[in-house]
Amino acid sequence: MKTLTLVTMAAAILLLAGCHGETDPESYLAGVLKKLEGIDTAEYTETLKAWTPYDTTAMVQQRTVIQYRNPADTVIGVSFAQFREDDRGNEYMCYGYDGTVRMVAYPEDSQMVVDNFTYSVVPFRFVSTPFLDTAENIIRYALETGDSITTSFEDLGTEYLFRLVINEETQIEFFGPARRMPDNPYLTDPTGVYRIWIAKSDGMPYRIRREMEHNTTDITVADVRLNTLSAEDFNLYDLVPEGYSFREYGVRGQEPRLMSALAAGDRAPEWTLEDADGQSFSLSQTTAKVVLLNFTGIGCGPCLAAIPTLNALAGKFAEDLELVVIESWGAKPAALRNYAEKNGMTYKFLHGTDEVLDLYLTARGVPVYYILDSGHTVTEVLNGFTPGMTDAMMKEAIRRIL
């Protein structure tokens with residue numbers, strides 16, 4: 001096995017190996033890029049695996065993709081649709097982009113949300129493109145960027161492994177082309193690591209692994225068919241499942257203004273949930289004068305930032321407060337256990353179910369905090385977490401009950 005390690009600074013990038021018959025990484029990657037740029041249409045399956053730092057096993061999702069090069073779109077440059085199977089085994093378009101709008105399906109509501117980017121919170125189009133377009137943009141970035149990056153190119157026998165480490169002060173992600181992410185106060189390390197496996201048999205990438213501080217994703221493709229579709233046949237609206245209604249993203253009155261489904265004065269619905277060890281716990285089992293219900297998500301930056309406040313509250317009001325945290329993003333038991341141990345959570349940490357989450361949340365936006373009195377009536381609802389403000393509001397709400 002031969003390994004070539006290359007360090008690039010400023011404009012110096014991917015120096016030539018060029019001796020003893022070794023593959024020249026720069027020339028080889030330029031050839032791979034040329035092949036990718038020659039793809040006008042493609043069909044394939046993607047298998048996505050994803051982890052947070054606390055997971056021991058991955059979340060796995062499979063989807064089929066159709067993609068079309070779109071020269072008229074100078075922002076992303078590709079149109080596509082992704083399809084998944086619903087609970088009944090029926091395939092539906094779950095995500096797509098046509099150069100003008102992005103569509104996201106919500107099958108539980110039979111709704112397709114249409115985003116024309118009018119209400120974008122970032123200075124680019126927040127579109128996660130499919131595998132082949134992502135591979136093309138990563139390789140082009142590595143060959144052309146002046147950013148601080150480190151690369152290696154490894155011969156694995158039947159394939160090559162290309163590794164790219166981005167060492168910029170701001171996080172770089174690939175939403176089509178490389179994009180600099182806005183400042184994130186919850187991010188401590190912006191380093192991004194990308195690995196691309198390229199088959200020697202056809203010179204095409206077939207796997208990409210992306211590693212960030214907050215999560216890791218690994219995508220493999222199969223059943224790839226190139227340049228067999230007609231771009232003229234692609235119409236995103238024709239792919240919307242029958243019976244779906246449309247909802248425009250960001251229009252006032254259509255998007256939920258709050259993440260919480262309950263308001264002050266409501267009685268909190270009863271529930272029974274399990275912790276990471278499979279032990280059941282019900283709301284009716286709480287007997288404290290004050291109950292603080294926190295709906296959180298492993299991988300949510302503000303949720304993580306709030307944990308020191310929750311830990312402090314649990315200590316300060318130990319005799320009168322019962323704190324219960326409910327994970328709302330589908331993390332597995334091992335992730336709950338690791339998350340609680342790493343962050344010093346000594347209170348109840350439960351796995352949320354769809355039935356319970358639908359009663360308490362308008363979507364899956366977190367964090368949400370409900371402060372209940374001893375009769376489990378909601379006295380205060382807090383959406384989101386702002387250091388120095390949300391914690392003060394929690395203390396005041398607790399003191400009002402006591």
Side-chain angles (χ1 to χ4, degrees), residues 1-19 22-39 42 44 46 48 67 69 74-78 124-125 127-156 158-181 187 189-221 224 226:
M1 182 182 295
K2 300 183 178 66
T3 303
L4 304 174
T5 302
L6 311 161
V7 179
T8 61
M9 299 179 62
I13 174 173
L14 290 171
L15 304 177
L16 301 182
C19 59
E22 293 175 338
T23 299
D24 168 14
E26 182 178 25
S27 298
Y28 185 82
L29 290 173
V32 173
L33 178 60
K34 186 175 181 180
K35 287 183 180 181
L36 291 168
E37 291 174 337
I39 298 172
Y44 48 92
E46 291 182 336
L48 166 67
Q67 74 172 61
R69 192 167 298 279
T74 59
V75 180
I76 302 293
V78 64
F124 52 83
R125 292 186 176 180
V127 176
S128 298
T129 58
F131 179 91
L132 290 177
D133 183 73
T134 301
E136 178 181 329
N137 280 292
I138 292 173
I139 293 173
R140 182 181 295 112
Y141 170 84
L143 290 170
E144 298 177 357
T145 188
D147 291 347
S148 174
I149 66 172
T150 303
T151 69
S152 66
F153 191 78
E154 190 172 355
D155 188 338
L156 301 180
T158 61
E159 60 199 13
Y160 291 112
L161 172 57
F162 172 60
R163 182 173 182 266
L164 166 69
V165 181
I166 304 175
N167 303 301
E168 289 292 284
E169 293 183 358
T170 56
Q171 190 177 48
I172 302 292
E173 293 270 21
F174 291 88
F175 295 101
R179 305 294 188 187
R180 293 187 182 275
M181 302 301 294
L187 183 71
D189 183 2
T191 303
V193 181
Y194 293 86
R195 292 178 174 89
I196 302 179
W197 284 259
I198 305 168
K200 288 185 179 180
S201 58
D202 59 8
M204 290 290 290
Y206 71 89
R207 180 183 172 192
I208 298 174
R209 184 181 178 93
R210 164 193 162 277
E211 299 174 11
M212 296 287 184
E213 179 185 66
H214 57 290
N215 75 344
T216 296
T217 56
D218 195 310
I219 304 178
T220 304
V221 295
V224 180
L226 302 177

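If you're wondering where the values come from, they're calculated on a predicted model, not measured in any experiment.
Within the 4.5 Å cutoff, no side-chain heavy atoms of E154 are placed close to those of W197. Taking 4.5 Å as the limit, some side-chain heavy atom of L36 sits within range of a side-chain heavy atom of M204. Residues L226 and L132 have side chains in contact (heavy-atom distance under 4.5 Å, counting atoms from C-beta outward). Looking at heavy atoms from C-beta onward, M181 lies out of side-chain contact with T170 at the 4.5 angstrom threshold.
Distance check: D147 CG to L164 CG gives 9.5 Å after rounding to the nearest 0.5 Å. To the nearest 0.5 Å, atom CD of residue E168 and atom OG1 of residue T145 are 7.0 Å apart. Considering CG of D133 and CD1 of I138, their distance stands at 10.0 Å, rounded to 0.5 Å.
Residues satisfying the side chain to side chain contact (heavy atoms under 4.5 Å, CB included) test with T217, not counting sequence neighbours, are L48, A50, R210, N215. With sequence neighbours excluded, the residues forming a side chain to side chain donor-acceptor pair (under 3.5 Å) with T191 are D189, listed by chain and number. By the side chain to side chain donor-acceptor pair (under 3.5 Å) test, E211 pairs with R195, R209, sequence neighbours left out. Shown here are the side chain to side chain contact (heavy atoms under 4.5 Å, CB included) partners of T220, two or more places apart in sequence or in another chain: Y206, R207, D218. For Y160, the ring pair (Phe, Tyr, Trp, His ring centres under 6.0 Å) partners at least two apart in sequence or on another chain are Y28, F153. Judged as a side chain to side chain contact (heavy atoms under 4.5 Å, CB included), and not counting sequence neighbours, the contacts of P190 are Q171, L187. For K200, the salt bridge (charged side-chain N to carboxylate O under 4.0 Å, His left out) criterion is met by D155, not counting sequence neighbours. Remark: V75 pairs with D73, R125, R179 by the side chain to side chain contact (heavy atoms under 4.5 Å, CB included) rule, at least two apart or across chains. N167 meets the side chain to side chain donor-acceptor pair (under 3.5 Å) test with T150; sequence neighbours excluded. E159 pairs by the salt bridge (charged side-chain N to carboxylate O under 4.0 Å, His left out) definition with nothing, not counting sequence neighbours. Contacts of F174 classified as ring pair (Phe, Tyr, Trp, His ring centres under 6.0 Å), with partners at least two apart in sequence or in another chain: Y141, Y194.
Annotation for A178 and I172: closest pair CB-CG2, 3.9 Å, computed over non-hydrogen atoms. Across P130 and Y44, no two heavy atoms sit closer than the pair CB-OH, 3.2 Å. For the residue pair I196 and P205, the shortest heavy atom distance occurs at CG2-CB, 3.7 Å.
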*Evaluation steps, side chain to side chain contact (heavy atoms under 4.5 Å, CB included), between L33 and E136*: CA-CA 6 Å; L33 178 60; E136 178 181 329; 3.8 Å; yes

*Where do T134 and I219 land on the side chain to side chain contact (heavy atoms under 4.5 Å, CB included) test, with the steps shown first?*
CA-CA 11 Å; T134 301; I219 304 178; over 6 Å; no

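Legend: salt bridge (Lys or Arg N to Asp or Glu O under 4.0 Å) pairs involving residues 30-39, not counting sequence neighbours, sorted by first then second residue: E37-R140.
For E46 (side chain) and F131 (main-chain N/O), a donor-acceptor pair under 3.5 Å exists by modelled atom type.
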